[in-house]
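Below is one structure; the comments refer to it alone.
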There are 2 protein chains.
Amino acid sequence: MNVTATEENYLKAIFKINERTNKAVNTNSIAALMNTSPASVTDMLKRLSEKKVINYIKYKGVTLSPEGNKIATNLIRRHRLWEVFLVNKLNFSWENVHDIAEELEHIKSDRLINSLDNFLGNPRFDPHGDPIPNAEGKFMLRNQISLDQLRPGQIGTLVGVKEHDSPFLTYLNSLNIELGTQLKVISKIDFDHSMKVKIDTNNESQLSQKICKNLLVKRI
Amino acid sequence: MNVTATEENYLKAIFKINERTNKAVNTNSIAALMNTSPASVTDMLKRLSEKKVINYIKYKGVTLSPEGNKIATNLIRRHRLWEVFLVNKLNFSWENVHDIAEELEHIKSDRLINSLDNFLGNPRFDPHGDPIPNAEGKFMLRNQISLDQLRPGQIGTLVGVKEHDSPFLTYLNSLNIELGTQLKVISKIDFDHSMKVKIDTNNESQLSQKICKNLLVKRI
DNA sequence: TATAATTTTTAGGTCACCCTAAATATTAAT
DNA sequence: ATTAATATTTAGGGTGACCTAAAAATTATA
């Protein structure tokens, strides 16, 4: 099925919201995520429905059809591979790659993307730790928990971040926290649920609950 | 000035036609090059004129304004750098890069393109031998002549091709002719202006005048 | 120089993608 | 179970980028 770049973006939005909520995606949430009006979303849902890439019931929300799911995962694959390219080959920092990848992802050439994948050494995760689906759309799973679930004394290595917000990532840079960084919980403050955390073998920092909830770690 | 991808393509077309003819570009030639109708071209010329990226006088043809020229050369720079990337890094062959570069060229990030340029080692020419303008839009010139201007006994190295047509490039592949290949004119046939040419130190081939006119060589 | 041929523009329409305002359906609350 | 609040859709409109057909301007030719 031939979809435009805009349509692809809608499919991606539906995929991402569904990933979080695991239920039929409603109009307003798409509008909010895409910074557009609910009326425009309805408009688009009709078009996507006619192309059979979504299952749409008026007033009842929307899910991706198998075909729509394929388009969305492919788009995510392309996005994340380009992010790897930007960081690993062009020396971009992880907080600066999103917008450019958002444009690059729409170039539709299987040959291009498979060559790129190969050139990058078939990476499994992007610079934010998000899994890169393979050419068949399969995501690699990983047992990860957010840092705030660790108890004092426990140690995790950073394998991902939930939020991809540039200021958040820049803040992590300033704390010397990056993928692979070891985080040891020293203590928890009951009052605000913040944590004192040892970062690698160096300094200790006080991290707010919000920060901790956005740091995905693998327990070691 | 902010221009859309489509507008950029029109500016590029105007640039390329003007490069060949050195005079005001007429509506029909743009329509022909872009596979669109003359009416659509007129439509677009009005828009481009309002954005002050072209000098447009009704019925009299069009030229690029300094600003339009900058946009066009920048687009060409991006196109050619991506072609180098595709060939040198992703192992594409020179006949397969055009269409993908045509999409990649519209990603507008100076940071991206300058990093790419650097990553590629600041190449001066693309895989077809076309010069890559620098960030200021300056093209590197080179004294080159078409193969058909050589006389028997003279030798040239291939530095470019005029035509970028995929079948033409594939034909050159089959003759083992690529950039850098040494071509020695053995003899000329007056009747059809074809030439017998020694390719590197190997075989000799009979090349039609049309082929010879499309091979750009540097005399040695 | 008048007419024919060609080029270009105008007129009027379509489609994708967006908008706001108003109407309708669903869900929550009294 | 009504009513109030919220979510969603419809109605009507705008813009960019295209189209065809017809009109007008330019250029070529007799």
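Naming convention: chains lettered A, B, ... in sequence-line order (proteins, then strands); numbering from 1 in each chain.
Residue S37(B) is in base contact, counting any heavy-atom pair closer than 4.0 Å across all strands shown. The residue T6(A) sits close only to the backbone: its heavy atoms come under 4.0 Å of sugar-phosphate atoms, none of a base.
OP1 or OP2 of dC18(D) has at least one side-chain nitrogen or oxygen of Y10(B) nearer than 4.0 Å. An OP1 or OP2 oxygen of dT10(D) is reached within less than 4.0 angstrom by no side-chain nitrogen or oxygen of T42(A). Under 4.0 angstrom from either OP1 or OP2 of dT8(D) there lies no side-chain N or O belonging to Y56(A). Taking 4.0 angstrom as the limit, T36(A) places none of its side-chain polar atoms (N or O) nearer than this to OP1 or OP2 of dC17(C). For dA17(D), one of the phosphate oxygens OP1 or OP2 lies less than 4.0 angstrom from a side-chain nitrogen or oxygen of R47(B). At the phosphate of dA7(D), neither OP1 nor OP2 sits under 4.0 Å from any side-chain N or O atom of K60(A). Between S40(B) and the phosphate of dC19(D), there is a side-chain N or O to OP1/OP2 separation shorter than 4.0 Å. Applying the 4.0 Å criterion to OP1 and OP2 of dT10(D), one finds that K46(A) has a side-chain N or O inside that range.
Nearest to the side chain of E7(B), among dA11(C), dT26(C), dA17(D), sits dA17(D). Of the listed nucleotides (dA17(D), dC17(C), dT9(C)), dA17(D) has the atom at the smallest distance from the side chain of D43(B). Of the candidate nucleotides dA16(C), dT26(C), dT8(C), dT8(C) has the atom lying nearest to any side-chain atom of N26(B). Among dT10(D), dT8(C), dC17(C), the nucleotide with an atom closest to any side-chain atom of Y59(B) is dT8(C). Nearest nucleotide to the side chain of M44(A), out of dT7(C), dC18(D), dC17(C): dC17(C).
The aromatic rings of W94(A) and H128(A) sit parallel to each other, their planes meeting at less than 30°, with 60° as the upper class boundary.
Evaluated for a side-chain contact (heavy atoms from CB on, under 4.5 Å) with D117(B), the options N122(B), N134(B), V84(B) yield exactly one hit, N122(B).
For the pair I57(A) CD1 and dT9(D) P, the computed distance is 11 Å after rounding to whole Å. One atom, CG of L45(B), and another, C1' of dC18(D), lie 14 Å apart when rounded to the nearest Å. Atom C1' of nucleotide dA16(C) and atom NE2 of H106(A) are separated by 15 Å, given to the nearest angstrom. The separation between I30(B) atom CD1 and dA17(D) atom P is 15 Å, rounded to whole Å.
Looking only at side-chain heavy atoms (C-beta outward), F139(A) and D130(A) stay at 4.5 Å or farther from each other.
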In sequence, state the C-alpha distance, the side-chain angles, and the governing distance for E95(B) and S93(B), and then conclude on side chain to side chain donor-acceptor pair (under 3.5 Å). CA-CA 6 Å; E95(B) 75 272 21; S93(B) 181; 2.5 Å; yes

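In this structure, CD1 in I17(A) is found 5.5 Å from CD1 in I30(A), a value given to the nearest 0.5 Å.
Between K58(A) and A39(B), the residue anchored nearer the 5' end of DNA chain C, judged by the nucleotide with its closest heavy atom, is A39(B).
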